[in-house]
Chemist: 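So that we are looking at the same thing, I have put the structure below in C-alpha coordinates.
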Amino acid sequence: MATLGAHKKHKVTVVGSGNWGSTIAKVIAENTTANPDLFEEEVQMWVYEEEVKIPKKSRHFHPGVGSLDVPHKLSALINEIHENVKYLPDISLPHNVVANPSLEDSVKDATILIFNMPHQFIPNIAKQIKGKIIPYARGISCIKGIEVSEKRVRLFSEMLGEELGIYCGALSGANVATGVAMERWCGTTVAYDPPPVDSRQPTPEQTPGHSPHGSTIDLTMTAVDGTAKTLKSVNGTKYSKRLQPLPNDYPPLSHENVKKLFHRPYFHVSMVSDVVAVSLGGALKNIVALAAGFLSGLGWDSNSLAEVIRIGLKEEVKFGLMFFGDKGVKAQTFLEESCGVADIITSCIGGRNFRCAKISVEKNMPIDEVERIELNGQKLQGTSTAYEVQKFLTSRNQGSEFPLFTAVYGILEGKYKPDQIPELVEPKDP
Ligand SMILES: NC(=O)C1=CN([C@@H]2O[C@H](COP(=O)(O)OP(=O)(O)OC[C@H]3O[C@@H](n4cnc5c(N)ncnc54)[C@H](O)[C@@H]3O)[C@@H](O)[C@H]2O)C=CC1
Ligand SMILES: O=C(CO)COP(=O)(O)O
(Lines give C-alpha, C1' and ligand atoms only; values in the text may rest on other atoms or scores of the structure.)
(Ligands and ions follow the chains in the order given, each with its own letter.)
Protein backbone atom coordinates (compact mmCIF):
# COMPACT_ATOMS: atom_id res chain seq x y z
CA MET A 1 0.00 0.00 0.00
CA ALA A 2 1.45 3.36 -0.98
CA THR A 3 2.46 5.68 1.82
CA LEU A 4 2.35 8.76 -0.40
CA GLY A 5 1.84 11.92 1.64
CA ALA A 6 2.68 10.17 4.88
CA HIS A 7 5.62 11.74 6.65
CA LYS A 8 5.20 10.54 10.19
CA LYS A 9 6.16 7.08 11.31
CA HIS A 10 4.45 4.76 13.72
CA LYS A 11 5.94 4.45 17.15
CA VAL A 12 5.47 1.02 18.68
CA THR A 13 5.31 0.07 22.36
CA VAL A 14 5.09 -3.45 23.70
CA VAL A 15 3.21 -3.48 27.00
CA GLY A 16 4.71 -6.47 28.79
CA SER A 17 8.09 -8.16 28.92
CA GLY A 18 7.54 -11.76 29.97
CA ASN A 19 8.48 -14.83 27.98
CA TRP A 20 6.22 -13.95 25.03
CA GLY A 21 6.32 -10.18 25.58
CA SER A 22 10.12 -10.12 25.20
CA THR A 23 9.95 -12.43 22.18
CA ILE A 24 7.40 -10.31 20.36
CA ALA A 25 9.44 -7.17 21.18
CA LYS A 26 12.39 -8.86 19.43
CA VAL A 27 10.27 -9.72 16.37
CA ILE A 28 8.88 -6.20 16.15
CA ALA A 29 12.24 -4.50 16.67
CA GLU A 30 13.72 -6.50 13.80
CA ASN A 31 10.84 -5.31 11.64
CA THR A 32 10.98 -1.64 12.62
CA THR A 33 14.63 -1.71 11.53
CA ALA A 34 13.66 -3.46 8.28
CA ASN A 35 10.84 -0.98 7.51
CA PRO A 36 12.19 2.49 8.34
CA ASP A 37 9.63 4.20 6.09
CA LEU A 38 6.76 2.90 8.23
CA PHE A 39 8.03 2.65 11.77
CA GLU A 40 10.34 4.48 14.16
CA GLU A 41 13.21 2.14 14.85
CA GLU A 42 13.10 2.30 18.63
CA VAL A 43 10.59 -0.03 20.27
CA GLN A 44 9.67 0.69 23.86
CA MET A 45 8.99 -2.32 26.05
CA TRP A 46 7.22 -1.74 29.34
CA VAL A 47 8.80 -3.80 32.12
CA TYR A 48 7.03 -4.64 35.35
CA GLU A 49 10.00 -3.72 37.49
CA GLU A 50 11.61 -6.22 39.77
CA GLU A 51 15.04 -6.99 41.15
CA VAL A 52 16.78 -9.92 39.50
CA LYS A 53 20.16 -11.56 39.87
CA ILE A 54 22.02 -12.81 36.84
CA PRO A 55 21.68 -16.60 37.06
CA LYS A 56 24.97 -18.42 37.53
CA LYS A 57 24.35 -20.46 34.39
CA SER A 58 23.88 -17.29 32.30
CA ARG A 59 26.50 -16.35 29.71
CA HIS A 60 26.48 -12.90 31.39
CA PHE A 61 27.58 -14.25 34.76
CA HIS A 62 31.29 -13.95 35.30
CA PRO A 63 32.55 -15.35 38.61
CA GLY A 64 34.51 -12.84 40.59
CA VAL A 65 32.89 -9.81 39.01
CA GLY A 66 31.05 -8.58 42.08
CA SER A 67 28.57 -6.29 40.38
CA LEU A 68 27.14 -9.22 38.48
CA ASP A 69 26.31 -11.15 41.62
CA VAL A 70 24.01 -8.57 43.18
CA PRO A 71 20.36 -7.85 42.38
CA HIS A 72 19.72 -5.49 39.46
CA LYS A 73 16.64 -3.66 38.27
CA LEU A 74 15.34 -5.82 35.45
CA SER A 75 14.74 -2.87 33.10
CA ALA A 76 18.28 -1.49 33.57
CA LEU A 77 19.77 -4.93 33.06
CA ILE A 78 17.86 -5.45 29.82
CA ASN A 79 19.13 -2.11 28.51
CA GLU A 80 22.68 -2.93 29.53
CA ILE A 81 23.09 -6.50 28.34
CA HIS A 82 20.19 -6.69 25.84
CA GLU A 83 18.80 -9.83 27.32
CA ASN A 84 15.89 -10.57 29.63
CA VAL A 85 17.75 -13.02 31.87
CA LYS A 86 14.67 -13.86 33.91
CA TYR A 87 11.92 -14.34 31.34
CA LEU A 88 13.77 -15.02 28.07
CA PRO A 89 17.27 -16.19 28.99
CA ASP A 90 20.01 -16.77 26.40
CA ILE A 91 18.26 -14.77 23.67
CA SER A 92 19.80 -11.52 22.46
CA LEU A 93 17.35 -8.69 22.09
CA PRO A 94 17.97 -6.13 19.35
CA HIS A 95 19.51 -2.91 20.69
CA ASN A 96 16.48 -0.92 19.53
CA VAL A 97 14.33 -2.64 22.18
CA VAL A 98 14.33 -0.13 25.03
CA ALA A 99 13.08 -1.39 28.39
CA ASN A 100 11.07 1.18 30.30
CA PRO A 101 9.81 0.64 33.87
CA SER A 102 7.34 3.54 33.62
CA LEU A 103 4.08 2.36 32.10
CA GLU A 104 2.78 5.86 31.38
CA ASP A 105 6.03 7.03 29.84
CA SER A 106 6.35 3.94 27.65
CA VAL A 107 2.91 4.33 26.05
CA LYS A 108 2.55 8.09 25.83
CA ASP A 109 3.73 8.64 22.23
CA ALA A 110 2.91 5.27 20.75
CA THR A 111 0.57 4.99 17.78
CA ILE A 112 0.71 1.21 17.97
CA LEU A 113 0.31 -0.55 21.32
CA ILE A 114 1.07 -4.25 21.57
CA PHE A 115 -0.49 -5.75 24.69
CA ASN A 116 1.39 -8.82 25.82
CA MET A 117 1.18 -9.97 29.42
CA PRO A 118 -0.61 -12.57 31.52
CA HIS A 119 -4.30 -11.79 31.25
CA GLN A 120 -4.95 -11.35 34.96
CA PHE A 121 -2.92 -8.11 34.97
CA ILE A 122 -4.62 -6.45 32.01
CA PRO A 123 -7.62 -4.78 33.73
CA ASN A 124 -5.26 -2.94 36.09
CA ILE A 125 -2.97 -1.91 33.22
CA ALA A 126 -5.92 -0.62 31.19
CA LYS A 127 -7.02 1.48 34.17
CA GLN A 128 -3.55 3.01 34.50
CA ILE A 129 -3.16 4.06 30.87
CA LYS A 130 -6.72 5.13 30.16
CA GLY A 131 -6.65 8.71 28.87
CA LYS A 132 -2.85 8.72 28.75
CA ILE A 133 -2.36 7.35 25.26
CA ILE A 134 -2.62 8.97 21.85
CA PRO A 135 -6.37 8.96 21.13
CA TYR A 136 -5.92 7.63 17.60
CA ALA A 137 -3.55 4.86 18.70
CA ARG A 138 -4.30 1.32 17.56
CA GLY A 139 -3.79 -1.83 19.60
CA ILE A 140 -2.98 -5.48 19.01
CA SER A 141 -3.64 -7.93 21.84
CA CYS A 142 -1.29 -10.92 22.06
CA ILE A 143 -3.03 -12.03 25.25
CA LYS A 144 -4.33 -15.57 25.51
CA GLY A 145 -7.21 -15.30 27.92
CA ILE A 146 -10.73 -13.97 28.29
CA GLU A 147 -12.36 -11.62 30.73
CA VAL A 148 -15.42 -12.92 32.51
CA SER A 149 -17.74 -10.87 34.66
CA GLU A 150 -21.12 -11.82 36.10
CA LYS A 151 -22.97 -12.70 32.92
CA ARG A 152 -20.70 -11.89 30.06
CA VAL A 153 -17.49 -12.95 28.50
CA ARG A 154 -15.24 -10.46 26.75
CA LEU A 155 -12.17 -10.88 24.58
CA PHE A 156 -9.21 -8.81 25.70
CA SER A 157 -9.16 -7.13 22.29
CA GLU A 158 -12.74 -6.00 23.04
CA MET A 159 -12.02 -5.09 26.63
CA LEU A 160 -8.98 -2.97 25.71
CA GLY A 161 -10.84 -1.38 22.80
CA GLU A 162 -13.76 -0.46 25.01
CA GLU A 163 -11.79 0.72 28.02
CA LEU A 164 -9.22 2.75 26.08
CA GLY A 165 -11.49 4.01 23.29
CA ILE A 166 -9.18 2.67 20.60
CA TYR A 167 -9.43 -0.06 18.01
CA CYS A 168 -7.66 -3.27 19.10
CA GLY A 169 -6.93 -6.31 16.92
CA ALA A 170 -5.36 -9.61 17.99
CA LEU A 171 -2.35 -11.84 17.33
CA SER A 172 -2.32 -15.50 18.27
CA GLY A 173 -0.89 -18.74 16.96
CA ALA A 174 1.12 -21.87 17.57
CA ASN A 175 3.93 -19.86 19.08
CA VAL A 176 5.69 -21.38 22.08
CA ALA A 177 7.91 -18.39 22.82
CA THR A 178 11.29 -20.09 23.08
CA GLY A 179 10.96 -21.58 19.58
CA VAL A 180 10.04 -18.20 18.07
CA ALA A 181 12.83 -16.49 19.99
CA MET A 182 15.28 -19.06 18.59
CA GLU A 183 13.98 -18.21 15.12
CA ARG A 184 12.55 -21.63 14.37
CA TRP A 185 9.86 -21.44 11.71
CA CYS A 186 6.19 -21.26 12.67
CA GLY A 187 2.98 -19.52 11.65
CA THR A 188 0.80 -17.02 13.45
CA THR A 189 -2.53 -15.30 12.82
CA VAL A 190 -3.14 -11.57 13.07
CA ALA A 191 -6.70 -10.24 13.06
CA TYR A 192 -6.98 -6.58 12.27
CA ASP A 193 -10.37 -5.22 11.31
CA PRO A 194 -10.78 -1.56 12.20
CA PRO A 195 -14.05 0.13 11.34
CA PRO A 196 -14.28 2.89 8.74
CA VAL A 197 -14.24 5.85 11.10
CA ASP A 198 -14.93 8.57 8.60
CA SER A 199 -17.71 8.35 6.08
CA ARG A 200 -16.46 11.19 3.82
CA GLN A 201 -12.78 10.68 3.95
CA PRO A 202 -11.83 7.00 4.09
CA THR A 203 -9.12 6.42 6.61
CA PRO A 204 -5.83 5.02 5.38
CA GLU A 205 -6.70 1.79 7.14
CA GLN A 206 -9.39 1.09 4.57
CA THR A 207 -7.35 -0.79 2.06
CA PRO A 208 -8.91 -1.30 -1.35
CA GLY A 209 -9.85 -4.94 -1.70
CA HIS A 210 -9.82 -5.44 2.05
CA SER A 211 -13.40 -5.94 3.03
CA PRO A 212 -12.73 -6.86 6.52
CA HIS A 213 -15.69 -6.57 8.78
CA GLY A 214 -16.81 -9.98 9.80
CA SER A 215 -20.34 -8.95 10.61
CA THR A 216 -22.77 -6.12 10.18
CA ILE A 217 -21.21 -2.92 11.39
CA ASP A 218 -23.45 -1.14 13.76
CA LEU A 219 -21.72 2.19 14.13
CA THR A 220 -22.27 5.85 13.70
CA MET A 221 -19.86 7.37 11.23
CA THR A 222 -17.84 10.33 12.35
CA ALA A 223 -17.59 13.41 10.18
CA VAL A 224 -14.45 15.37 9.38
CA ASP A 225 -15.90 18.68 10.53
CA GLY A 226 -15.96 17.77 14.19
CA THR A 227 -19.67 17.10 14.38
CA ALA A 228 -18.76 13.51 14.90
CA LYS A 229 -21.19 11.23 16.60
CA THR A 230 -20.21 8.52 19.01
CA LEU A 231 -19.41 5.16 17.52
CA LYS A 232 -21.74 2.73 19.17
CA SER A 233 -20.35 -0.61 18.33
CA VAL A 234 -18.27 -2.44 15.80
CA ASN A 235 -18.79 -6.16 15.44
CA GLY A 236 -20.50 -5.93 18.81
CA THR A 237 -17.59 -4.17 20.56
CA LYS A 238 -18.96 -1.20 22.45
CA TYR A 239 -16.75 1.85 22.41
CA SER A 240 -17.05 4.18 25.36
CA LYS A 241 -15.95 7.14 23.27
CA ARG A 242 -15.50 8.15 19.70
CA LEU A 243 -12.94 6.27 17.69
CA GLN A 244 -10.47 8.71 16.24
CA PRO A 245 -9.32 8.27 12.66
CA LEU A 246 -5.64 7.80 12.09
CA PRO A 247 -4.31 11.10 10.71
CA ASN A 248 -3.40 10.97 7.04
CA ASP A 249 0.21 11.90 7.65
CA TYR A 250 0.83 8.44 9.14
CA PRO A 251 1.36 5.40 6.93
CA PRO A 252 -1.94 3.54 6.64
CA LEU A 253 -2.42 0.56 8.92
CA SER A 254 -3.55 -1.67 6.10
CA HIS A 255 -3.26 -5.44 6.38
CA GLU A 256 -0.10 -5.14 4.30
CA ASN A 257 1.56 -2.71 6.69
CA VAL A 258 0.38 -4.45 9.86
CA LYS A 259 1.85 -7.65 8.47
CA LYS A 260 5.18 -5.87 8.03
CA LEU A 261 5.27 -5.26 11.77
CA PHE A 262 5.16 -8.97 12.61
CA HIS A 263 6.21 -11.10 9.65
CA ARG A 264 9.73 -12.54 9.78
CA PRO A 265 11.37 -15.32 7.75
CA TYR A 266 10.87 -17.56 10.80
CA PHE A 267 7.49 -16.11 11.86
CA HIS A 268 4.94 -16.31 9.08
CA VAL A 269 1.90 -14.13 9.46
CA SER A 270 -1.54 -14.82 8.08
CA MET A 271 -3.76 -11.72 8.18
CA VAL A 272 -7.48 -12.25 8.82
CA SER A 273 -10.42 -10.19 10.00
CA ASP A 274 -11.84 -12.68 12.51
CA VAL A 275 -10.70 -11.08 15.77
CA VAL A 276 -13.00 -13.34 17.79
CA ALA A 277 -11.57 -16.67 16.60
CA VAL A 278 -8.00 -15.42 16.92
CA SER A 279 -8.60 -14.29 20.51
CA LEU A 280 -10.73 -17.25 21.58
CA GLY A 281 -8.49 -19.91 20.05
CA GLY A 282 -5.56 -18.65 22.13
CA ALA A 283 -7.58 -18.49 25.33
CA LEU A 284 -9.48 -21.78 25.19
CA LYS A 285 -6.63 -24.00 24.01
CA ASN A 286 -4.98 -23.44 27.38
CA ILE A 287 -7.78 -25.45 29.02
CA VAL A 288 -7.37 -28.21 26.43
CA ALA A 289 -3.61 -28.30 27.05
CA LEU A 290 -4.26 -28.94 30.75
CA ALA A 291 -6.38 -31.96 29.85
CA ALA A 292 -3.62 -33.25 27.57
CA GLY A 293 -1.07 -32.72 30.35
CA PHE A 294 -3.19 -34.59 32.92
CA LEU A 295 -3.50 -37.61 30.61
CA SER A 296 0.16 -37.51 29.67
CA GLY A 297 0.98 -37.49 33.38
CA LEU A 298 -0.90 -40.79 33.67
CA GLY A 299 1.40 -42.17 30.96
CA TRP A 300 -1.34 -42.24 28.33
CA ASP A 301 -0.06 -41.92 24.79
CA SER A 302 -0.57 -39.89 21.62
CA ASN A 303 -3.91 -41.54 20.78
CA SER A 304 -5.42 -40.09 23.95
CA LEU A 305 -3.86 -36.69 23.31
CA ALA A 306 -5.26 -36.68 19.77
CA GLU A 307 -8.74 -37.35 21.15
CA VAL A 308 -8.37 -34.46 23.60
CA ILE A 309 -7.26 -32.20 20.75
CA ARG A 310 -10.24 -33.26 18.60
CA ILE A 311 -12.79 -32.66 21.35
CA GLY A 312 -11.08 -29.45 22.45
CA LEU A 313 -11.18 -28.01 18.96
CA LYS A 314 -14.86 -28.88 18.69
CA GLU A 315 -15.62 -27.13 21.98
CA GLU A 316 -13.62 -24.05 20.91
CA VAL A 317 -15.64 -23.73 17.72
CA LYS A 318 -18.92 -24.33 19.56
CA PHE A 319 -18.06 -21.72 22.21
CA GLY A 320 -17.20 -19.19 19.51
CA LEU A 321 -20.35 -19.75 17.46
CA MET A 322 -22.63 -19.92 20.50
CA PHE A 323 -21.44 -16.80 22.33
CA PHE A 324 -19.84 -14.67 19.60
CA GLY A 325 -21.93 -15.70 16.60
CA ASP A 326 -23.13 -12.14 16.11
CA LYS A 327 -19.56 -10.88 15.81
CA GLY A 328 -18.55 -12.53 12.58
CA VAL A 329 -16.68 -15.50 14.05
CA LYS A 330 -16.04 -18.30 11.59
CA ALA A 331 -15.43 -22.00 12.30
CA GLN A 332 -13.02 -21.95 9.38
CA THR A 333 -10.61 -19.66 11.25
CA PHE A 334 -10.26 -22.23 14.04
CA LEU A 335 -9.93 -25.10 11.58
CA GLU A 336 -7.49 -23.58 9.13
CA GLU A 337 -5.40 -20.93 10.88
CA SER A 338 -2.49 -21.17 13.28
CA CYS A 339 -4.58 -19.53 16.02
CA GLY A 340 -6.91 -22.56 16.10
CA VAL A 341 -5.86 -26.08 15.26
CA ALA A 342 -2.10 -25.44 15.21
CA ASP A 343 -2.07 -23.71 18.59
CA ILE A 344 -4.01 -26.53 20.23
CA ILE A 345 -1.53 -29.05 18.86
CA THR A 346 1.65 -27.25 19.93
CA SER A 347 0.19 -26.40 23.32
CA CYS A 348 -0.72 -30.07 23.89
CA ILE A 349 2.84 -31.10 23.06
CA GLY A 350 5.14 -28.45 24.49
CA GLY A 351 3.28 -25.62 26.24
CA ARG A 352 3.67 -24.66 29.88
CA ASN A 353 0.08 -25.60 30.73
CA PHE A 354 0.68 -29.07 29.32
CA ARG A 355 4.02 -29.47 31.10
CA CYS A 356 2.80 -28.29 34.49
CA ALA A 357 -0.39 -30.40 34.34
CA LYS A 358 1.73 -33.45 33.47
CA ILE A 359 4.10 -32.86 36.38
CA SER A 360 1.20 -32.25 38.76
CA VAL A 361 -0.14 -35.74 38.01
CA GLU A 362 3.29 -37.41 37.98
CA LYS A 363 4.25 -35.89 41.34
CA ASN A 364 0.73 -35.73 42.77
CA MET A 365 1.20 -32.04 43.49
CA PRO A 366 -1.24 -29.11 43.13
CA ILE A 367 -0.69 -27.43 39.77
CA ASP A 368 -0.23 -23.98 41.39
CA GLU A 369 2.68 -25.42 43.31
CA VAL A 370 4.18 -26.86 40.11
CA GLU A 371 3.76 -23.44 38.45
CA ARG A 372 5.64 -21.77 41.29
CA ILE A 373 8.49 -24.28 41.29
CA GLU A 374 8.90 -24.83 37.55
CA LEU A 375 8.15 -21.49 35.87
CA ASN A 376 10.39 -18.97 37.68
CA GLY A 377 7.75 -16.21 37.65
CA GLN A 378 6.08 -17.09 34.36
CA LYS A 379 2.35 -17.57 34.63
CA LEU A 380 -0.03 -20.36 33.63
CA GLN A 381 -3.09 -19.06 31.84
CA GLY A 382 -5.07 -22.29 31.59
CA THR A 383 -5.99 -22.68 35.25
CA SER A 384 -7.60 -19.25 35.63
CA THR A 385 -9.22 -19.54 32.19
CA ALA A 386 -10.76 -22.90 33.16
CA TYR A 387 -12.33 -21.25 36.22
CA GLU A 388 -13.45 -18.18 34.28
CA VAL A 389 -15.05 -20.20 31.49
CA GLN A 390 -16.78 -22.44 34.02
CA LYS A 391 -18.12 -19.44 35.93
CA PHE A 392 -19.63 -18.13 32.73
CA LEU A 393 -21.06 -21.51 31.62
CA THR A 394 -22.48 -22.24 35.07
CA SER A 395 -24.22 -18.87 35.18
CA ARG A 396 -25.98 -19.96 31.98
CA ASN A 397 -26.47 -23.56 33.09
CA GLN A 398 -24.50 -24.72 30.05
CA GLY A 399 -21.53 -26.52 31.59
CA SER A 400 -22.70 -29.90 30.30
CA GLU A 401 -22.55 -28.63 26.71
CA PHE A 402 -18.77 -28.27 27.05
CA PRO A 403 -17.78 -31.52 28.76
CA LEU A 404 -14.02 -31.22 28.27
CA PHE A 405 -13.81 -27.66 29.63
CA THR A 406 -16.03 -28.76 32.51
CA ALA A 407 -13.95 -31.88 33.20
CA VAL A 408 -10.75 -29.82 33.44
CA TYR A 409 -12.42 -27.47 35.90
CA GLY A 410 -13.63 -30.48 37.92
CA ILE A 411 -10.10 -31.93 38.03
CA LEU A 412 -8.63 -28.61 39.17
CA GLU A 413 -11.28 -28.50 41.89
CA GLY A 414 -10.42 -32.04 43.01
CA LYS A 415 -13.91 -33.26 42.11
CA TYR A 416 -12.69 -35.63 39.39
CA LYS A 417 -9.53 -37.61 38.67
CA PRO A 418 -7.75 -37.29 35.31
CA ASP A 419 -8.58 -40.90 34.38
CA GLN A 420 -12.27 -39.97 34.45
CA ILE A 421 -11.86 -37.71 31.41
CA PRO A 422 -13.04 -40.40 28.92
CA GLU A 423 -16.33 -41.01 30.73
CA LEU A 424 -16.83 -37.27 31.36
CA VAL A 425 -16.54 -36.36 27.68
CA GLU A 426 -18.54 -39.33 26.39
CA PRO A 427 -21.64 -37.96 24.62
CA LYS A 428 -24.73 -38.58 26.72
CA ASP A 429 -27.79 -40.24 25.23
CA PRO A 430 -30.43 -37.63 24.49
N1 LIG B 1 5.14 -17.78 26.71
C2 LIG B 1 4.61 -18.29 25.59
O3 LIG B 1 5.13 -19.27 25.00
C4 LIG B 1 3.41 -17.65 24.98
C5 LIG B 1 2.56 -16.86 25.72
N6 LIG B 1 1.48 -16.29 25.13
C7 LIG B 1 0.57 -15.43 25.88
O8 LIG B 1 1.19 -14.17 26.04
C9 LIG B 1 0.73 -13.53 27.23
C10 LIG B 1 1.92 -13.07 28.02
O11 LIG B 1 2.64 -14.20 28.43
P12 LIG B 1 4.20 -14.19 28.76
O13 LIG B 1 4.90 -13.04 28.11
O14 LIG B 1 4.68 -15.55 28.44
O15 LIG B 1 4.22 -13.91 30.33
P16 LIG B 1 4.96 -14.75 31.46
O17 LIG B 1 4.23 -16.02 31.70
O18 LIG B 1 6.39 -14.81 31.16
O19 LIG B 1 4.60 -13.86 32.75
C20 LIG B 1 5.45 -13.11 33.45
C21 LIG B 1 5.24 -11.65 33.20
O22 LIG B 1 4.25 -11.12 34.09
C23 LIG B 1 4.77 -9.92 34.66
N24 LIG B 1 4.12 -9.61 35.92
C25 LIG B 1 4.23 -10.26 37.10
N26 LIG B 1 3.47 -9.65 38.04
C27 LIG B 1 2.87 -8.59 37.42
C28 LIG B 1 1.94 -7.60 37.83
N29 LIG B 1 1.47 -7.56 39.09
N30 LIG B 1 1.52 -6.69 36.93
C31 LIG B 1 1.96 -6.74 35.65
N32 LIG B 1 2.83 -7.66 35.19
C33 LIG B 1 3.27 -8.58 36.08
C34 LIG B 1 6.23 -10.23 34.81
O35 LIG B 1 6.96 -9.05 34.96
C36 LIG B 1 6.52 -10.89 33.47
O37 LIG B 1 6.74 -9.93 32.47
C38 LIG B 1 -0.16 -14.56 27.94
O39 LIG B 1 -1.50 -14.27 27.67
C40 LIG B 1 0.24 -15.88 27.29
O41 LIG B 1 -0.82 -16.83 27.27
C42 LIG B 1 1.24 -16.44 23.81
C43 LIG B 1 2.06 -17.19 23.03
C44 LIG B 1 3.20 -17.89 23.56
O1 LIG C 1 0.46 -20.14 23.72
C2 LIG C 1 1.39 -20.90 23.69
C3 LIG C 1 1.85 -21.56 22.45
O4 LIG C 1 1.21 -21.06 21.33
C5 LIG C 1 2.12 -21.22 24.92
O6 LIG C 1 1.29 -21.92 25.75
P7 LIG C 1 1.63 -22.05 27.30
O8 LIG C 1 1.20 -20.77 27.96
O9 LIG C 1 0.86 -23.24 27.75
O10 LIG C 1 3.10 -22.25 27.35
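Counting starts at 1 for both ligands and their atoms, following the listed order.
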Chemist: Output the list of atoms in ligand 1 that are nearer than 4.0 Å to some heavy atom of Gly377, sorted by atom number.
Modeler: 20 (C)
Chemist: Looking at side-chain heavy atoms only, is the closest gap between Thr385 and His119 below 4.5 Å?
Modeler: yes
Chemist: Would you mind listing which atoms of ligand 1 come within a distance below 4.0 Å of any non-hydrogen atom of Ile143?
Modeler: 39 (O)
Chemist: Is Glu256 salt-bridged to Lys259, going by a charged N under 4.0 Å from an acidic O?
Modeler: no
Chemist: I'd like a table of the close N/O pairs between ligand 2 and the protein (anything under 3.5 Å), one pair per line with both atom names and the distance.
Modeler:
unit_1, atom_1, unit_2, atom_2, d
ligand 2, 1 (O), Lys144, NZ, 2.8
ligand 2, 1 (O), Lys285, NZ, 2.8
ligand 2, 4 (O), Lys144, NZ, 2.9
ligand 2, 4 (O), Gly173, O, 3.0
ligand 2, 4 (O), Asn175, N, 2.9
ligand 2, 4 (O), Asp343, OD1, 2.6
ligand 2, 6 (O), Lys285, NZ, 3.0
ligand 2, 8 (O), Arg352, NE, 3.3
ligand 2, 8 (O), Arg352, NH2, 3.0
ligand 2, 8 (O), Asn353, ND2, 3.4
ligand 2, 9 (O), Arg352, N, 3.0
ligand 2, 9 (O), Asn353, N, 3.0
ligand 2, 9 (O), Asn353, ND2, 2.7
ligand 2, 10 (O), Arg352, N, 2.7
ligand 2, 10 (O), Arg352, NE, 3.0

Chemist: Is Ser17 in contact with ligand 1, taking contact as a heavy-atom separation below 4.0 Å?
Modeler: yes
Chemist: Starting at CG of Asp109, measure out to CD1 of Ile133 and round the result to the nearest 0.5 Å.
Modeler: 12.0 Å
Chemist: Centroid-to-centroid, Phe319 to Phe402, below 6.0 Å?
Modeler: yes
Chemist: Can you check whether Ile114 reaches Phe262 side chain to side chain, under 4.5 Å on heavy atoms?
Modeler: yes
Chemist: Is the closest heavy atom of Glu50 to ligand 1 under 4.0 Å?
Modeler: yes
Chemist: Purely on distance, is any nitrogen or oxygen of Gly21 under 3.5 Å from one on ligand 1?
Modeler: yes
Chemist: Name the residue from Arg355, Glu371, Arg372 that meets the side chain to side chain contact (heavy atoms under 4.5 Å, CB included) definition with Leu380.
Modeler: Glu371
Chemist: Is there a polar contact, in the sense of an N or O pair closer than 3.5 Å, between Lys379 and ligand 1?
Modeler: yes
Chemist: Looking at Lys11, is its backbone amide N or carbonyl O close enough to the side chain of Thr111 to form a donor-acceptor pair, meaning the two atoms are under 3.5 Å apart?
Modeler: yes
Chemist: Say whether Pro118 and ligand 1 are in contact under the criterion: heavy-atom distance to a ligand atom below 4.0 Å.
Modeler: yes
Chemist: Is the ring pair Tyr250/Tyr136 parallel, tilted or perpendicular, if the boundaries are 30 and 60 degrees?
Modeler: tilted
Chemist: For the pair Glu163 and Arg154, find out whether any cationic side-chain nitrogen is under 4.0 Å from an anionic carboxylate oxygen.
Modeler: yes
Chemist: Counting only heavy atoms closer than 4.0 Å, does ligand 1 sit against the backbone of Trp20, its side chain, both, or neither?
Modeler: both
